[in-house]
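Each remark here refers to the structure printed beneath this line.
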Amino acid sequence: PPPPPRMKLLLLMSETEPPVVQPTFLVSLVIESVFAIVSSLYRLLLEAGDEPITVGGPGGASHEITRRKAPMKGPLTAPQELCHGLIRDCWASLLSALSLLLHGAGDDACLNQALRCLQTLIYCCSRLDVAQGKDASLQQLAKYALPSPGQELEPEVAKASVAGLSTKNLLCVKALLHFCHWFGGLLGSSGWSVALRALATVDRALQRSEQNQGSESMLLRTSLDTLFETTALLSTDAVMDIIRAMTENMRAISEVEEASVVLNRLVELCSYNLPRLLLIWQSVLDLVMEICGSAERGELRGIAATSLCKILGEALKKGVLAMEKNQDVAQEQLLRQLEALLWVPHEDVRARVCEGLLGILQASGQELHPAAWGTMIRLVAMAARIELERAGFEFVHPKALNPLTPNGSSHEEGPLVATTSSGVQVTPTVFQLLELLVQDFMEYVPASSVPHVTASIGAFARYPGLGVNSSLTAVGFLWNVADALARYHCVSGGASGGETPPSSVSLAEFEELWVQIFLNLRVLAVDPRPEVRNCAVKSLTSALLSHGRKVGVACYQRCLRDILIEVVAEIQAAAKDARNQAPAAAVSGMIVHHSRDTPEKQWKETMALGVEGVRRVLSNFSEEAGVQAFAPLAYRVLLQLQTTLRSLSAELSGSALRSLVDLMRIPASGQEFDVAVLTEVGEELPIQAVTVDGSGSGTTTVWLLGWLVLWRMARFCTSR
């Protein structure tokens with residue numbers, strides 16, 4: 001083989017006559033000198049304590065060390081300071097020479113050697129934290145990896161090319177991919193920004209190319225697709241550098257298609273780094289929030305929110321967070337951050353977040369831990385409140401407790417900014433979330449989160465925007481919640497005569513869970529829509545009959561006195577108001593029976609249901625409680641029955657009379673009680689208590705008081 005150029009130069013110097021030096025020899029000598037300088041810098045770096053590079057082939061731990069290399073920070077040793085100074089002073093000259101070589105090289109062997117030298121220069125600059133040299137070198141590599149403006153290939157070359165890339169472009173792309181695969185930890189956010197922009201352009205060129213089925217094209221496609229797979233071997237700081245680079249690139253991208261590719265790559269990056277997702281989660285959120293909060297990027301906001309939910313859905317699958325010390329806390333921390341997206345004023349973002357939550361529940365609801373379930377329920381309740389209040393509807397009714405604050409008072413989480421409408425309806429999706437929770441996951445819902453579910457369902461039952469059928473379905477959900485509370489959160493054998501609460505809540509808090517359900521049904525029992533209020537009255541009656549004994553005598557008595565009996569009084573007042581108002585016109589397009597063609601007649605139907613319901617529940621209560629607790633409630637009911645009888649309505653009076661007779665037949669109605677217990681109803685008794693011995697004091701029975709009501713009604717009728 002011919003001697004190398006330097007040896008040849010020494011041989012020529014021994015000649016007596018000056019040799020004829022060819023221009024190509026001088027060029028090759030300069031090129032070899034540049035290569036030698038870069039190689040010497042790398043050897044000096046190794047002598048200063050750097051680990052040797054190990055890439056390709058079997059390597060095991062040495063490969064992992066290579067990928068986890070990071071820029072040298074902090075105090076440097078004397079040899080390292082020497083290397084740093086040399087690199088800092090000569091990188092610009094070396095890069096200039098290598099750029100000229102890349103620009104003019106036509107031979108593949110020379111081009112490959114120049115690319116290896118450029119990669120070595122990038123490595124030395126990156127390892128010694130010479131950021132300016134690293135970024136400039138990467139930009140030159142990226143420049144030659146892409147077709148230059150106006151570049152046209154010969155027809156035969158273009159036909160055999162990959163996505164319109166020349167041989168030089170292709171070799172530079174491979175060199176860039178090689179460095180990213182093996183030395184991603186050295187690039188930093190600025191280096192990754194340069195690399196990702198170039199590789200995204202190549203990716204789009206491959207997608208648009210019609211001739212992309214060759215082996216070279218498939219190999220390039222595989223390298224691009226597996227780029228983020230190797231990030232699992234990088235340090236957490238390096239992964240965060242990639243996310244910061246994506247954020248920087250997103251700010252400069254104006255095309256939706258290009259930005260969508262970046263978001264898809266973000267999902268891919270996080271999917272390969274799920275075990276440490278918590279460490280990079282804030283950086284991911286910052287990127288997504290920047291897009292979702294922008295008023296100018298309307299077409300991209302929904303895509304960004306969907307991407308975040310995809311990442312979250314992958315993280316919450318079974319076994320993904322198994323390496324976390326506390327999976328419960330990890331799931332809760334991931335979910336909690338979605339709250340900020342629910343307050344975004346853009347409707348499309350909120351719609352995608354709610355759809356994402358729905359998908360997470362459908363795919364991995366059974367994998368959520370208790371703390372994560374509490375956060376999930378809070379997110380759903382918050383979404384319900386935000387969407388209903390943006391629609392101009394009051395989420396918390398004055399007569400119902402507010403579960404979003406500890407004391408039940410009204411509290412705003414934040415100002416509701418005017419929404420940006422995109423034609424997307426979010427409320428149906430939120431309703432689907434509630435439906436899925438109630439029908440499939442009530443056994444997982446913590447007892448402390450039940451009020452959030454109840455309040456959200458009650459608000460949707462009152463909301464007229466989704467139609468009567470949805471309201472009726474929501475009323476049924478309240479019954480389902482009561483049934484689930486009794487099935488999954490009650491333990492038999494309570495000392496108060498009912499069921500004992502779970503250990504996570506106190507007895508008082510447990511009673512409030514039931515009261516919350518019954519209060520929402522009470523509000524719905526006076527809904528302006530007859531179908532809804534009739535359904536609510538029936539559900540309230542059935543819930544108290546089925547579960548009243550589970551709450552204990554004191555709470556059962558409270559539910560009867562403050563909820564069921566009061567709601568009958570409210571229905572009675574509403575029926576009276578409807579009678580005094582002018583008859584309303586029939587609903588257009590609907591055929592209504594003549595017995596229900598006015599609001600007054602419709603309210604009378606509700607009143608009849610309420611009266612019968614009170615009588616049935618009171619009879620059930622009398623079996624659980626003593627006569628001293630039963631008598632004041634029965635007396636209140638007698639007062640209402642007396643008022644209803646005097647309305648002289650055939651339907652109402654008949655229903656009240658039947659209820660009065662049935663009330664008198666209750667075994668507890670025949671038991672004597674002290675007249676003094678009736679004073680809690682009022683100082684002056686509208687129905688004077690006739691005692692057993694005929695005097696005005698002592699003991700009496702509900703049966704005697706009922707006969708007194710009948711006697712008064714008889715005198716009232718004969719006097720007319």
Side-chain angles (χ1 to χ4, degrees), residues 496-498 511 515 518 541 544-545 548-549 551-573 607 610-647 652-653 655-719:
S496 61
E511 291 179 354
V515 172
F518 298 143
T541 301
L544 284 170
L545 287 173
R549 297 185 180 185
V551 301
V553 174
C555 187
Y556 197 178
Q557 183 180 18
R558 174 188 171 191
C559 293
L560 259 171
R561 182 185 65 243
D562 299 337
I563 297 178
L564 187 58
I565 295 177
E566 284 297 319
V567 83
V568 173
E570 292 175 6
I571 295 172
Q572 196 172 43
M607 183 64 186
V611 168
E612 175 62 18
V614 167
R615 195 274 308 164
R616 292 174 60 197
V617 175
L618 192 59
S619 175
N620 181 270
F621 175 74
S622 68
E623 299 173 6
E624 183 74 14
V627 68
Q628 300 297 321
F630 165 75
L633 298 177
Y635 185 75
R636 291 173 185 268
V637 174
L638 288 174
L639 295 179
Q640 289 183 343
L641 292 176
Q642 178 177 259
T643 304
T644 306
L645 285 169
R646 295 195 177 191
S647 67
L652 285 183
S653 298
S655 176
L657 191 58
R658 287 191 296 271
S659 297
L660 176 59
V661 173
D662 290 340
L663 179 61
M664 294 171 64
R665 288 175 176 171
I666 296 175
S669 297
Q671 298 177 13
E672 298 182 12
F673 62 90
D674 192 346
V675 176
V677 302
L678 300 181
T679 55
E680 69 177 54
V681 179
E683 295 181 0
E684 296 183 3
L685 303 180
I687 304 176
Q688 294 297 323
V690 178
T691 57
V692 175
D693 58 3
S695 64
S697 61
T699 60
T700 187
T701 63
V702 173
W703 188 86
L704 283 175
L705 296 175
W707 269 111
L708 182 57
V709 172
L710 285 174
W711 173 246
R712 288 187 174 186
M713 188 60 195
R715 293 181 58 185
F716 175 77
C717 292
T718 56
S719 65

State the OG-CZ distance between Ser653 and Arg658, to the nearest 0.5 angstrom.
10.5 Å
Distance from Arg646 atom CZ to Met713 atom CE, nearest 0.5 Å?
7.5 Å
Answer yes or no: is there a donor N or O on one side and an acceptor on the other, between the side chain of Ser669 and the main chain of Arg665, under 3.5 Å?
no
Identify the heavy atoms of Leu633 and Leu560 that sit nearest to each other, and give their distance.
CD1-CD1, 3.8 Å
Nearest non-hydrogen partners of Arg561 and Glu566, listed with the distance:
O-CG, 3.4 Å
Taking C-beta and beyond as the side chain, do Phe673 and Thr700 meet within less than 4.5 Å on heavy atoms?
yes
If we only count heavy atoms from C-beta on, is the Val515 to Asp562 side-chain gap below 4.5 Å?
no
Heavy-atom pair with the smallest gap, counting every atom of Ala625 and Val553:
CB-CG1, 3.8 Å
Enumerate the residue pairs fulfilling salt bridge (Lys or Arg N to Asp or Glu O under 4.0 Å) with a member in residues 610-619, sequence neighbours excluded, ordered by first and then second residue.
Glu612-Arg615, Arg615-Asp662
Test side chain to side chain contact (heavy atoms under 4.5 Å, CB included) applied to Val567 and Val614, step by step
CA-CA 10 Å; Val567 83; Val614 167; over 6 Å; no
Using modelled atom types and a 3.5 Å cut-off, is there a donor and acceptor pairing between side-chain atoms of Ser655 and backbone atoms of Leu652?
no
Residue pair Val627 / Thr701, side-chain heavy-atom distance below 4.5 Å
no
Please test Asn620 against Arg549 for side chain to side chain contact (heavy atoms under 4.5 Å, CB included), starting from the C-alpha separation and ending with a verdict.
CA-CA 9 Å; Asn620 181 270; Arg549 297 185 180 185; 3.6 Å; yes
Show the nearest heavy-atom pair for residues Ala629 and Pro632, with the distance to one decimal.
O-CD, 3.6 Å
Contact between Val709 and Leu645 at the side-chain level, heavy atoms closer than 4.5 Å - yes or no?
yes
According to ring-ring contact (aromatic ring centres under 6.0 Å, His included), who are the partners of Phe621, at least two apart in sequence or on a separate chain?
Tyr556
Rounded at 0.5 Å granularity, tell me how far OG1 in Thr644 sits from CE in Met607.
3.5 Å
If the test is side chain to side chain contact (heavy atoms under 4.5 Å, CB included), which one of Leu663, Val702, Ile565, Leu564 qualifies with Leu618?
Leu663
Determine whether the aromatic ring centres of residues Trp703 and Trp707 are separated by less than 6.0 angstrom.
yes
Measure the spacing between CG of Leu544 and CZ of Phe518 and express it to the nearest 0.5 Å.
4.5 Å
Please report the interatomic distance OG1(Thr643) to CG(Leu638), rounded to the nearest 0.5 Å.
11.0 Å
If I take atom CD from residue Gln640 and atom CD1 from residue Ile571, how far apart are they, to the nearest 0.5 angstrom?
9.5 Å
